[in-house]
J.: 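There's a structure below that I have some questions on.
Letters A, B, ... are given to chains in the order of the sequence lines, protein chains preceding strands, and every chain is numbered from 1.
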Amino acid sequence: MESICAKFVSQKISKTRWRPLPPGSLQTPETFATGSWDNEDNYVSLWSIGDYGNLDSDGGFEGDHQLLCDIRHDGDVMDLQFFDQERIVAASSTGCVTVFLHHTNNQTLSVNQQWKTAHHHTNPSGPVYRGAPCTGIVCDNPEIVTVGEDGRINLFRVDHKETVRTIDNADSSTLHAVTFLRTPEIVTVNSIGQLKIWDFRLQGNEPAQILSLNGDRVPLHCVDRHPNQQHVVATGGQDGMLSIWDVRQGTMPVSLLKAHEAEMWEVHFHPSKPDHLFTCSEDGSLWHWDASIDMPEKSSLFHQGGRTSTFLSHSISNQANVHQSVISSWLSTDPAKDQIEITSLLPTRTLSVNSLDILGPCLVCGTDAEAIYVTRQLFS
Amino acid sequence: MRACMEEMHQVAIAAKDQASGRQFSTQVSILSAVELIWNLCEILFIEVAPAGPLLLHLLDWVRLHVCEVDSLLADVLGSGNPSKHESFWNLVTILVLQGRLDEARQMLSREADANPASADMCRILGDLMRTMPILSPGNTQTLTELELKWQHWREECERHLQDNTFAASPALESLCKIMLGDEAALLEQKELLNNWYHFLVTRLLYSHPTVKPIDLHFFAQSSLDMFLGGESSPEPLDNILMAAFEFDIHQVIKECSIALSNWWFVAHLTDLLDHCRLLQSHNLYFGSNMREFLLLEYASGLFAHHSLWQLGVDYFDHCPELGRVSLELHLERIPLNTEQKALKVLRICEQRQMTEQVRSICKILAMKAVRNNRLGSALSWSIRAKDAAFATLVSDRFLRDYCERGCFSDLDLIDNLGPAMMLSDRLTFLGKYREFHRLYGEKRFSEASSLLLSLMTSQIAPRSFWMTLLTDALPLLEQKQVIFSAEQTYELMRCLEDLTSRRLECEEPNAQKLQDDDIETTKVEMLRLALARNLARAIIREGSLEGS
């Protein structure tokens, strides 16, 4: 964590995403995209972190991220995903979904495709069109799924002008986030605390399964699936609670972990080391949850040097029959044996951390304090 | 701030067209002026340097803000033959003007190497430079000792000048005069000095090194006059600096407020000075002091900006008197176009226990949701605000939809209300009514019937809905097996009578009403018949059960 590097850009960052590496590549990630919000002119920008360990020609900051190119974006950038190496999909608060293309030869971005009326409120009394913010995107080449505040789920295929499938009124409340479970199945979370699983192979507009936590209907803001085990899903809620769900079993979450003090905006499993989970929140902190099973120095709290770390054991809801053969530290039920080490990664409390992304040993996050933090040594 | 200035400088250089390049350059110059003022205030007001160190601080201040020297130095040293460089003497002069005598001496020694004829003179001058007494930070001399030594040294310089030691080289001679603090010689170097405060500091260095803070303004005024020489009038920056030299804090703040276009600098400066307890509480007529006033102005300005409102919150938090009220008013007026922004604003309100604001913001959002037909969102907003009245509104809307369409929309919401059901009676009714339908669908008739009855007798069902409830009871009454007991049937009958008598009371002659009345009367008659039949069967059944 010593090498976390901050840069103040004069726009509030709503989303940051690493550009995916070509499959089988051994490089470290070098480029990331950011989207801004709440400005009069919002931008989708691409940044490069340059060569590791080199100084700039004029002796500038070592490892500071530099702007490669940007393009103006209409409305707040609500979500951002890399579709492939060159294309970025952005969701707007005007209800428009745009695909940007990055031209590597002259380092510019241009609009490749746009679905302007992806999300809107249907008005029973008149034809006045009102766009609704599109809140979540997930891509799986060649398909793009988007969800929005109008409770609609859209399935697009890139290079097709019309939507492939739309589920109108999929939800009576706002859908906050979406992710793929298996390829024809997606899971969405909404603002009445429900996890809904939709299967695109089924006709009709009903979800295949609904899971929710009994009790207060706390809105869920983010969802992510375990990279290897497709039935394990993590969600973050408005009260900062992290929940781990097993979608094969029952309708209740397996674990509830009290985490942040305010809304949790994003939760991510590390793509290659899924025992590590990262969350970021409105309260200005970014946490690294490490559930790797054998940690011989677990007994000592002080060996981590200057970092703040705490040990937390699971608090499990009443689940009777979780199989012990499930080899996932997240679903394990033995509180005495399994502990999770939590580390706060940002040096000081700032305004809300809106977004984070991890790839390999690198992490990038963006805050409302108009700063982008990058570290290249996550597991030092 | 430095980073920002540098970046802006880069942008200015890289700017493609003239106009924006100029704009960026002016921004850079404003920022550097602001930094100048800030540093001076730090020296004079906050550190409150006494007589000796004061000059050292002022020297540092000047050196920090006149940066061309370093690049020039690098330039000249970098060239093959420094002493033949065209700006060589300029460089040496400016080094002397800034009191960097060691570096000046080094340059002179190079000149001596290159030009043996003037070697002697350079050496003498170099010696003079070396022996100039200055107050170094670790030194324990008193001021009087320093003064004495300095007078001696001065006399020696004077002597050299009288002896025409440097007559051969005019450049060296003028250097000597400068070191004597000769004002005419200093004024000759106006171009190198560039501004009056540099002139002031140099003058003080070489003629009054032990200047006391209170005498500063006298020298400042005279320096300003001499430097400008009556040609140009003082600029706003000059006025601000002059006010600072006069130790008139309020004047400084006032001048800054006039000169600068927004409240950023003044608010922060005032806040800093206030924390050092330098500002007497200067009560403005509406009760808050100057620091708070400026902070409030600045924070209001932030709120007017589309994205800087989050920073404004912190500033309002630090205004003890009017901060909270202003914050409340401002938060309600932030335009909310996405739910995420609304959530952030709500979080700010909740952290400060501003429940009224939470209520009103949630109400606005809920109304918007209802208008867009997003009843689930509306309900979740009213739950967050714990707004029972709005929850009732939403439930009414659901019930109306049911009456119109005959089925429930948004079953996913109603089925999973959970404890939120308790928020309002109407909502509870909605949940229970849906449960009744579910029980009916699962053919658990006895539970369904008791639920239905309890809905009516416990008064949580709205009157307008009673007819629908009774109509729902009809198929249960007509079932082959007896579901309602005699007691329950009596209850149902009572409700029916209640309803019809009410209806009779408030009648209006109306064609539509007459038609409705027909339907109503038919319904009522059917109900009466069904109830009577059920009662008969119930009595028989209960009677016979007891019997056998």
J.: Identify which part of A/Asn354 has an atom lying under 4.5 Å from any heavy atom of chain B, answering side chain, backbone, both or neither.
T.: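 For A/Asn354, side-chain heavy atoms alone lie under 4.5 Å from chain B.
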J.: Can you tell me how far the CG atom of A/Asp171 sits from the OG atom of B/Ser377, to the nearest 0.5 Å?
T.: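 Rounded to the nearest 0.5 Å, the CG-OG separation comes out at 8.0 Å.
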J.: Evaluate the criterion side-chain contact (heavy atoms from CB on, under 4.5 Å) for residue pair B/Thr338 and A/Asp76; output intermediate values, then yes/no.
T.: CA-CA 9 Å; B/Thr338 64; A/Asp76 294 344; 4.1 Å; yes
J.: Taking only Lys NZ, Arg NE, NH1 and NH2, and the carboxylate oxygens of Asp or Glu, determine whether B/Lys344 and A/Asp368 approach each other closer than 4.0 Å.
T.: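 Counted as a salt bridge, because a side-chain N and a carboxylate O are separated by less than 4.0 Å.
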J.: Rounded to the nearest 0.5 Å, what separation is found between the CG atom of B/Asn337 and the OG1 atom of A/Thr94?
T.: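 Interatomic distance, B/Asn337 CG to A/Thr94 OG1, rounded to 0.5 Å: 10.0 Å.
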J.: If I compare all heavy atoms of A/Glu261 with all of B/Arg347, which pair ends up nearest, and what's the gap?
T.: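 Of all heavy-atom pairs spanning A/Glu261 and B/Arg347, the closest is O-NH1, 3.7 Å.
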J.: Among A/His221, A/Met78, A/Glu263, whose side chain to side chain contact (heavy atoms under 4.5 Å, CB included) with B/Gln340 holds?
T.: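 That would be A/Met78; it is the only one of A/His221, A/Met78, A/Glu263 passing the side chain to side chain contact (heavy atoms under 4.5 Å, CB included) with B/Gln340.
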J.: The test is side-chain contact (heavy atoms from CB on, under 4.5 Å); show your working for A/Glu370 and B/Leu308 and say whether it passes.
T.: CA-CA 10 Å; A/Glu370 306 191 351; B/Leu308 290 175; 3.8 Å; yes
J.: A/Val218 versus B/Arg384: any side-chain heavy-atom pair under 4.5 Å?
T.: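 Of all side-chain heavy-atom pairs linking B/Arg384 with A/Val218, none is under 4.5 Å.
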J.: Please round to the nearest 0.5 Å and tell me the distance separating atom CG of A/Asp150 and atom CG of B/Asn372.
T.: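 The CG atom of B/Asn372 is 9.0 Å from CG of A/Asp150, to the nearest 0.5 Å.
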J.: Does any heavy atom of chain A fall under 4.5 Å from the side chain of B/Trp381, the backbone, both, or neither of them?
T.: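 No part of B/Trp381 comes within 4.5 Å of chain A.
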J.: Rounded to the nearest 0.5 Å, what separates atom CD in A/Glu149 from atom CZ in B/Arg374?
T.: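 Output value for this atom pair is 10.0 Å.
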J.: Can you tell me if B/Glu356 has over 12 outside heavy atoms packed within less than 6.0 Å of its CD?
T.: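 Open.
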J.: Crowded around A/Glu40 CD? As in, over 12 foreign heavy atoms under 6.0 Å?
T.: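 It does not: A/Glu40 CD has 12 such atoms or fewer within range.
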J.: Hey, could you give me the CG/CG distance between A/Asn169 and B/Leu375, rounded to the nearest 0.5 Å?
T.: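 Separation between the atoms: 9.0 Å.
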J.: Return the minimal non-hydrogen interatomic distance between B/His306 and A/Asn39, and the atom names on each side.
T.: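 So the two residues come closest at ND1-CA, 3.5 Å.
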J.: Could you tell me which portion of A/Glu206 (side chain, backbone, both or neither) has an atom closer than 4.5 angstrom to a non-hydrogen atom of chain B?
T.: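 When you check distances to chain B, no heavy atom of A/Glu206 falls under 4.5 Å.
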J.: Atom CD in B/Gln310, atom CG in A/Leu351: separation rounded to 0.5 Å?
T.: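 It is 5.5 Å, given to the nearest 0.5 Å.
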J.: Check the surroundings of atom NE2 in B/His305: do more than 12 heavy atoms from other residues, nucleotides or ligands lie under 6.0 Å from it?
T.: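 Atom NE2 in B/His305 is crowded, with more than 12 foreign heavy atoms closer than 6.0 Å.
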J.: Apply the test side-chain contact (heavy atoms from CB on, under 4.5 Å) to residues B/Arg371 and A/His121: give CA-CA distance (whole Å), side-chain angles for both, the deciding distance (0.1 Å), then the verdict.
T.: CA-CA 9 Å; B/Arg371 223 177 289 135; A/His121 290 293; over 6 Å; no
J.: Would you say A/Ser173 and B/Ser380 are linked by a side-chain donor-acceptor pair, where the criterion is simply a distance under 3.5 Å?
T.: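 B/Ser380 vs A/Ser173: no donor-acceptor pair found between side chains.
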J.: Checking heavy atoms, do the side chain of A/Asn190, its backbone, both or neither come under 4.5 Å from chain B?
T.: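 Contact with chain B: none, neither part.
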